[in-house]
Each structure stands twice: as structure tokens, then as C-alpha cells.
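Take a look at the structure below.
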Amino acid sequence: MPPVSRGFRGRRQSADTASRLPPGQYETRDFPVLSAGPTPRTSLTTWDFALRGANGQTARWTWDEFTALPRQTTTKDIHCVTKWSKFDTVWEGISVDTLLSEAAAKGVVPSPFVLATCDGGYTTNVPLADVTGGKAWVAFMYNGAPLPAEHGGPARLLVPHLYFWKSAKWVRELRLMESDAPGFWESLGYHNYGDPWREQRYSGDE
Amino acid sequence: MSPDGTASRIAWRLATVIDVVLETPRTRTLVLDVPGWPGHRAGQHVDVRLTADDGYQAERSYSIASPPEDTRLSLTVEQLKDGEVSPYLSEALHAGDTLELRGPIGGYFVWDIPTGGPLLLVGGGSGIVPLMAMLRHRDAALASAGAGAREKLPVRLLYSSRRWDEVIYRDELTSLAEKDLTLQVTHTLTREQPEGWAGFRRRIDRAMLEQVAWPASEQPRVFICGPTPLVESVASTLVELGHQPALVKTERFGPTGGAV
Ligand SMILES: Cc1cc2nc3c(=O)[nH]c(=O)nc-3n(C[C@H](O)[C@H](O)[C@H](O)COP(=O)(O)OP(=O)(O)OC[C@H]3O[C@@H](n4cnc5c(N)ncnc54)[C@H](O)[C@@H]3O)c2cc1C
């Protein structure tokens with residue numbers, strides 16, 4: 001066991017809370033904002049969303065087309081690498097599974113890796129297996145209201161089982177790729193995969 | 001990462017508290033000796049981990065206040081009411097106690113001499129901490145350089161505090177600015193001002209930024225740190241004023257978003 005901090009007791013949680021908190025995380029009730037630069041603001045009339053295959057084929061949706069796709073509502077715990085976790089957050093959006101099957105009609109075929117790219121230049125990488133099978137969404141509603149810009153609106157990727165930097169704000173494109181390529185934080189010392197339950201915060205964490 | 005692309009784990013280290021400095025009634029600086037510390041860049045942070053005697057642990061992040069040139073590592077912690085970790089760090093720890101930490105962490109909100117200037121630093125409350133590391137780094141690195149080197153890297157700091165006795169590093173900021181004409185320090189006090197206060201007395205807004213900040217045409221490197229509402233509003237206003245988003249870097253201290 002690591003050395004004891006003399007006199008430290010800490011705030012004990014209920015067994016239920018403790019079981020939902022990955023190592024090193026604490027529960028917060030508010031919704032902190034984390035981003036590396038200014039919040040981009042994109043008008044919905046120019047916003048579009050692209051799913052681009054490694055073969056160069058691209059499926060593209062305008063805002064109206066995108067929000068007319070079959071929606072899902074999902075309630076998830078989220079975990080930020082800066083240590084806070086928030087329980088039971090409610091999102092509405094389009095499952096990445098839905099996007100992939102819609103895009104298949106446009107000739108977009110799956111590849112093992114995905115790079116999300118965003119307004120403002122942010123990128124993040126995830127394996128395809130982590131955004132399929134009901135594990136990820138492109139969300140545009142939070143708690144029943146349009147997602148505020150500082151939290152990633154108009155739309156953000158939602159991959160709640162990984163640290164929240166993988167849930168890229170202001171997402172505009174998912175690019176399917178044959179090989180993995182690190183995104184923004186993944187190039188700046190953060191873990192390439194980012195599983196909160198294995199506390200994969202920084203590159204080199206096992 | 002090492003050149004061959006394999007990263008080694010950022011190890012937990014046991015630091016020893018050498019000194020505790022009272023900065024304001026609610027804020028203290030822990031001066032630490034960290035054996036094996038690999039060095040850092042101004043703006044980076046560490047993760048601190050506390051362990052109770054039954055094994056319960058709590059982790060939080062703290063910016064590094066000391067410049068890379070110091071042999072000791074300093075953290076400045078503002079005590080939040082009912083907080084889990086900050087009251088322990090700012091009240092319970094004394095010289096001779098030990099503290100587990102790992103770092104340095106963060107490769108984006110960093111500034112060093114080769115990054116260049118001019119530099120615009122905007123801080124609120126304890127958001128001054130990583131900005132102070134940048135000012136201290138600039139001061140230390142240019143100490144032996146001629147005046148010309150400072151003129152090439154001029155700095156403007158706009159710092160928002162609630163009241164005068166809550167201004168962190170107040171005397172050091174004053175003396176740094178007194179000896180260095182290329183450093184301009186501007187305070188705004190949002191809640192309460194001392195008698196005869198001639199400075200700003202409101203939250204940072206567009207008019208204040210137009211008056212104090214470098215114009216966008218100077219292409220300053222901008223670092224904004226503090227509570228979320230301050231960071232959001234300053235960053236958006238600077239973009240409206242023509243600053244390139246890519247030159248505007250922000251850091252928010254997570255859930256501590258009280259108004260400053
Ligand atoms: C990159 C980074 C750098 C940072 N650098 C610094 C720095 O240099 N200096 C600094 O002072 N801080 C810094 N912070 C903030 C720091 O990490 C902590 O968030 C801060 O010290 C508060 O931690 P805490 O454990 O005291 O409060 P927490 O226990 O996390 O609580 C935060 C606030 O919420 C309230 N609260 C939340 N949940 C509960 C609950 N269940 N019960 C009761 N109250 C609750 C508390 O009253 C408190 O006011 C930084 C954060 C980040 C992400």
C-alpha cells in the first residue's frame with residue numbers, strides 16, 4: 001500500500017457510489033467544462049456531419065438530415081481524466097451503429113480505427129470496436145435540451161466507457177482508418193486508449 | 001515519450017514538504033523536495049494522491065507554481081470550503097510531512113522562451129498558478145540576458161481577484177513588475193476594493209480586454225486560466241476581438257468554478 005497521508009481521512013462515499021467510481025475519481029454533481037482553447041461556434045445552417053471511409057467514400061448529413069435519423073436516449077456515468085465523474089447523465093443522439101449502417105449505403109466500409117475531427121481542430125482516436133455495438137453516439141441533446149456549446153454543442157461524440165476526452169466536443173467527422181493515429185491529447189502525453197477502470201490516464205499507464 | 005515511441009509510466013514519487021508559505025488567508029504554497037524529479041515546463045501540473053490509513057485514496061491535479069529553473073517544486077493550493085483534498089493540503093500539511101505525486105503532466109498549456117511572445121496572461125483566483133510559473137520562468141531564464149531579450153518577450157498579465165487580500169503572489173507580482181518595464185501587471189478586484197483603489201473593480205469584460213490586452217495584430221500567445229465562466233468569456237471575447245483561436249490556450253480548474 002502507498003504511504004499513509006498522516007491525518008487524512010477523506011470523504012467516504014456510500015458503497016454504491018464507491019462501486020461506480022473508477023480508481024482516482026471522485027463524484028461531482030455539477031458539470032465541469034474542459035477544453036484546450038476557445039469554444040468554437042458553428043451555425044446549424046453550415047453544420048454537417050461526415051462519416052468517411054478509408055476507401056475515400058463519404059456519407060454526409062446536414063443538421064436536419066442528421067437529427068432526422070433514428071435517435072436513441074441513453075443514461076451513462078462519465079469520467080473525466082481530471083478526476084471528476086458524473087453519474088446518470090442523460091444524452092440523446094444518433095448511435096454510431098446507425099451512422100455506419102446508413103453510410104454503408106454510400107459505400108463506406110468499416111476499418112479498424114476511427115479518428116474523430118472537430119471544429120477548432122481537436123481530434124481523438126478510438127478503435128472501431130469501442131464505438132460500435134451500442135457503445136457510442138453522436139449526441140446533440142443533454143438532459144432533454146440542446147447541448148450547450150461549452151459542453152460540445154451542436155454535437156459531440158459520446159464514448160462513455162472511456163475517459164471523457166475521447167467524447168470529442170464539436171465533432172464534425174468520423175474518419176475510418178486502416179491504422180491507428182494518435183489524436184490531440186494522445187499526442188500530448190495522454191493514454192492512447194484511456195480506460196478509466198484501468199486508470200489509463202497518461203501514456204505509459206498500463 | 002522516448003524517441004522510439006515507447007512511453008514509460010509517469011511514476012508516483014514521495015515528496016517531502018520543506019516549507020509552507022502563507023499566500024493569502026485561504027491559499028498556501030507547499031515547497032517540496034521531490035527526489036528524482038525529471039523536470040517540467042511552465043504551465044504543467046502534477047497529480048497528488050492522498051491515502052488514508054485504511055487504504056482509501058483521493059487524487060486531484062495541481063499546477064506547478066515553480067519555474068523549471070528551481071530545484072524545489074512548489075504547489076499553491078486554494079482551500080475550498082468542504083473540499084476533500086484542498087483543506088488537507090493547505091492546512092494539515094507541515095514541513096517534514098510527505099506527499100505522493102506524479103508528473104509533470106500536460107503538454108499543451110505550456111510556455112517557454114522559444115515559444116516566444118508577446119505574451120498575454122489572463123487569470124482568475126488560483127488560476128494564476130500556472131501563469132506565475134511562466135512569469136517566473138521568463139524572469140529566471142532571462143536574468144542574465146540583456147534588456148533586449150525581455151523587450152522581445154513582453155508580457156501583460158490581467159488578474160482577477162475578489163479582494164486585495166486574496167491576490168495570490170501579490171508582493172512578488174509587484175516587485176517583478178517594478179524591476180521589469182516589459183512586464184505589465186493589471187489587477188481587477190471584483191467584490192471589494194481597498195480605500196482609494198484606482199484600478200478595475202468589475203469582472204473582466206470586453207472593454208477591459210480592449211484596454212489591457214495586446215491587440216490581435218500583435219499576435220500574442222494567450223494563456224487563460226481560472227474558473228470556467230471567466231475562461232469561457234475571456235476566450236470568446238478575444239476571438240471576437242480578432243485573436244486566432246489557435247493562439248488562445250485555456251485551462252480550467254475543474255469543478256472549482258466559483259465566480260472571481
Ligand atoms: C489541471 C488542473 C490544475 C489545477 N491546479 C490547481 C492549483 O494550482 N491550485 C488549486 O488550488 N487548485 C487547482 N486545481 C483544482 C484542484 O484539482 C481541485 O479541484 C481543488 O483543489 C478542489 O479539490 P477539493 O478536493 O478540495 O474539493 P472537492 O472535494 O473536489 O470539492 C470541490 C467543491 O465542491 C464542493 N463539493 C463537491 N462535491 C461535494 C460533496 N459530495 N460533498 C460536499 N461538498 C462537495 C466542495 O464544497 C468544494 O467547494 C487544478 C485542477 C486541474 C484540473
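Quick note on labels: first sequence line is chain A, next is B, and so on, each numbered from 1.
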Whatever's closer than 4.5 Å to a heavy atom in chain A on B/His45 counts as side chain

With rounding to the nearest 0.5 angstrom, report the CZ to CG distance, B/Arg9 to A/Asp205.
4.5 Å

As a quick check of understanding, evaluate side-chain contact (heavy atoms from CB on, under 4.5 Å) for B/Ile105 and A/Tyr190, giving each step before the final call.
CA-CA 8 Å; B/Ile105 293 155; A/Tyr190 285 79; 3.4 Å; yes

Note, B/Gln57 side chain near A/Pro2 side chain (heavy atom, < 4.5 Å)
yes

Segment of B/Val239 engaging chain A (4.5 angstrom heavy-atom cut-off)
side chain

Could you tell me whether B/Glu232 and A/Arg41 make a salt bridge, using a distance below 4.0 angstrom between a side-chain N and a carboxylate O?
yes

Can a salt bridge be assigned to the pair A/Arg12 and B/Glu84 using a cut-off of 4.0 Å between side-chain N and carboxylate O?
no

Nearest 0.5 angstrom please: A/Arg201 CZ to B/Ser61 OG, how far?
7.5 Å

Aromatic rings A/Phe8 and B/Tyr88: how do their planes relate, parallel, tilted or perpendicular, breaks at 30° and 60°?
perpendicular

Quick one: does B/Pro245's side chain get under 4.5 Å of A/Pro38's, heavy atoms only?
yes

Is there side-chain contact between B/Thr51 and A/Pro3, with at least one heavy-atom pair below 4.5 Å?
no

Turns out that what part of A/Phe184 lies under 4.5 Å from chain B's heavy atoms comes down to side chain

Interchain contact, A/Gln13 with chain B, by part (heavy-atom threshold 4.5 Å)
side chain

Using a 4.5 angstrom heavy-atom cutoff, name the option from B/Asp54, B/Val231, B/Leu99 with the most pairs to chain A.
B/Asp54

With rounding to the nearest 0.5 angstrom, report the CG to OG1 distance, A/Asp30 to B/Thr228.
9.0 Å

Ion pair B/Asp47/A/Lys83, N-O distance below 4.0 Å
yes

Whether A/Ser5 side chain and B/Leu50 backbone form a donor-acceptor pair below 3.5 Å:
no

Using a 4.5 angstrom heavy-atom cutoff, name the option from B/Glu251, B/Arg102, B/Lys249, B/His243 with the most pairs to chain A.
B/Arg102

Using a 6.0 Å cut-off, check whether atom CZ of A/Arg6 has over 12 heavy atoms from anything other than its own residue.
no

B/Asp97 versus chain A, heavy atoms under 4.5 Å apart: side chain, backbone, both or neither?
side chain

Drop me the distance from A/Thr82's OG1 to B/Arg252's CZ, to the nearest 0.5 angstrom.
11.5 Å

Roughly how far, to the nearest 0.5 Å, is the CD1 atom of B/Ile10 from the OG atom of A/Ser203?
6.0 Å

Can you confirm if the NZ or CZ of A/Arg9 lies within 45° of the ring axis of B/Tyr56 and under 6.0 Å from the centre of its six-membered ring?
no

